[in-house]
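What follows is a set of notes on a single structure, which appears directly below.
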Amino acid sequence: KPALLVPAPRPLPASVCASAHRSLQPRQSMEATPNGHSDPPVFSGGLAVPSDPPPPPRAPVAVVDLSRVACLAEEAAALEATATTFDSDDRSAEALPVYRLAVERLGAAVECCPEWHRDRRELVAHASELRNRVAYLADLNGRSASVPVERHVTIRQLTVTATQGSLGSQALGFAAGCGALAGIAFAGPRTALLLALGAVHATGRDDSAGHLTRRAATVGAQALSGAAQRAALRLRKLDSRLALFRLGEIVFFARALLPWRPGVI
């Protein structure tokens, strides 16, 4: 049984829509240099550059891909399960390379996981535990391990799933679409744009209003997706001539409701 548990798809948490909302907003990357600090002052010919240099070019937009984090964590969990089996059977030589591969997958997951996500600490801590186990097995030089793997590695539960990114995008799209339709119906395109932006902002809020908006948007997006699938199945079974006949009825009924006739002055 692996010590790193990646859950099945769960109800959309507060951080998902917030992550999708943040990924849509341009922001300045904090990694200006490899050591994480800002660029040092530039000197030319022994003289310092004036204190007000031109602003540096804008860094590319950082896009958060939680599904990538989940996939890497699942790969690490599978590798760890195999290594734990070898380790429990006193086959340290075979467990070591698999443990190292699991550590590499966890490192890649940490790099993809944003700093604000709660699972980042769990991934970092679990990778450190696996490194300690690898160091212990390497020091044995082929001898039997007297310390069980449970003493070095503990079970950790993650919250990220492979479907969080798509669910967050669907919820944001449904909320923005509802706001835009409401604006078009009651006012005009400007109001539609404002309401769509307001709905997206409300969906990304981390409070009770944001939670309620996310729940409604998630349920609405799932209902719309189910309705679209049922409609697609019915359209496949429906005769094309009957579909055109129904469409013509709808068009003529809509024209009858209009106070004016197209093409008639």
Side-chain angles (χ1 to χ4, degrees), residues 1-20 22-23 29-31 33-37 60-169:
K1 183 179 179 180
L4 185 65
L5 303 180
V6 181
R10 302 171 56 187
L12 191 63
S15 61
V16 177
C17 287
S19 65
R22 292 190 185 98
S23 65
S29 176
M30 297 302 294
E31 299 179 357
T33 58
N35 58 4
H37 300 287
V61 177
V63 178
V64 177
D65 188 2
L66 293 179
S67 61
R68 176 64 176 167
V69 178
C71 291
L72 290 171
E74 289 177 356
E75 293 178 7
L79 291 170
E80 182 186 344
T82 304
T84 303
T85 302
F86 292 152
D87 197 355
S88 301
D89 294 340
D90 201 9
R91 299 157 64 184
S92 303
E94 299 178 33
L96 272 174
V98 185
Y99 271 134
R100 292 190 176 101
L101 287 176
V103 171
E104 291 180 2
R105 295 294 189 278
L106 286 176
V110 170
E111 292 180 359
C112 295
C113 188
E115 295 182 359
W116 50 263
H117 202 281
R118 68 185 72 176
D119 286 349
R120 184 182 177 88
R121 294 190 300 271
E122 300 292 334
L123 292 171
V124 172
H126 196 68
S128 178
E129 292 174 348
L130 291 184
R131 291 191 191 95
N132 293 336
R133 187 64 182 178
V134 168
Y136 170 75
L137 295 179
D139 292 339
L140 294 177
N141 294 324
R143 299 190 302 272
S144 299
S146 58
V147 179
V149 64
E150 291 80 9
R151 294 284 298 274
H152 289 122
V153 181
T154 58
I155 297 177
R156 297 181 181 274
Q157 178 70 51
L158 300 181
T159 61
V160 66
T161 62
T163 60
Q164 283 185 356
S166 60
L167 288 176
S169 301

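Below, each value reflects all heavy atoms present in this structure, side chains not excepted, and no hydrogens, waters or symmetry copies. Nothing fancy with the numbering, it's 1 onward along the sequence.
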Considering all heavy atoms, the nearest [X]-[Y] contact:
{"X": "L158", "Y": "A73", "result": "CD1-CB, 3.8 Å"}
{"X": "L72", "Y": "C112", "result": "CD1-SG, 4.0 Å"}
{"X": "V98", "Y": "E94", "result": "CG2-O, 3.5 Å"}
{"X": "T159", "Y": "H117", "result": "OG1-CE1, 3.7 Å"}
{"X": "A127", "Y": "V103", "result": "O-CG2, 4.4 Å"}
{"X": "L130", "Y": "A102", "result": "CD1-CB, 4.1 Å"}

Side-chain heavy-atom pair [X], [Y] within 4.5 angstrom cut-off:
{"X": "I155", "Y": "E150", "value": "no"}
{"X": "V124", "Y": "L106", "value": "no"}
{"X": "L101", "Y": "E75", "value": "no"}
{"X": "Y99", "Y": "T82", "value": "no"}
{"X": "L123", "Y": "R156", "value": "no"}
{"X": "Q157", "Y": "E122", "value": "no"}

### Task
Give a yes or no on whether a salt bridge exists between E74 and R105, defined as a side-chain N under 4.0 angstrom from a carboxylate O.
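The answer is no: the pair does not qualify as a salt bridge.
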Q. Under 6.0 Å from the CZ atom of R121, do we count more than 12 heavy atoms belonging to anything else shown?
A.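 Counting other residues, nucleotides and ligands, CZ of R121 stays at 12 neighbours or fewer.
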Should we count CZ of R68 as having more than 12 external heavy atoms under 6.0 Å?
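No, not enclosed.
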Could you please spell out the steps behind the salt bridge (charged side-chain N to carboxylate O under 4.0 Å, His left out) verdict for R133 and D87? CA-CA 10 Å; R133 187 64 182 178; D87 197 355; 2.8 Å; yes
Exercise. Between L96 and V134, is a side chain to side chain contact (heavy atoms under 4.5 Å, CB included) present by the stated rule, with each step listed?
Worked result: CA-CA 6 Å; L96 272 174; V134 168; 3.8 Å; yes
- request: Measure from the side-chain N and O atoms of Y136 to the backbone N and O of H152, and report whether any donor-acceptor pair falls under 3.5 Å.
  value: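 No, Y136 side chain to H152 backbone: no donor-acceptor pair under 3.5 Å.
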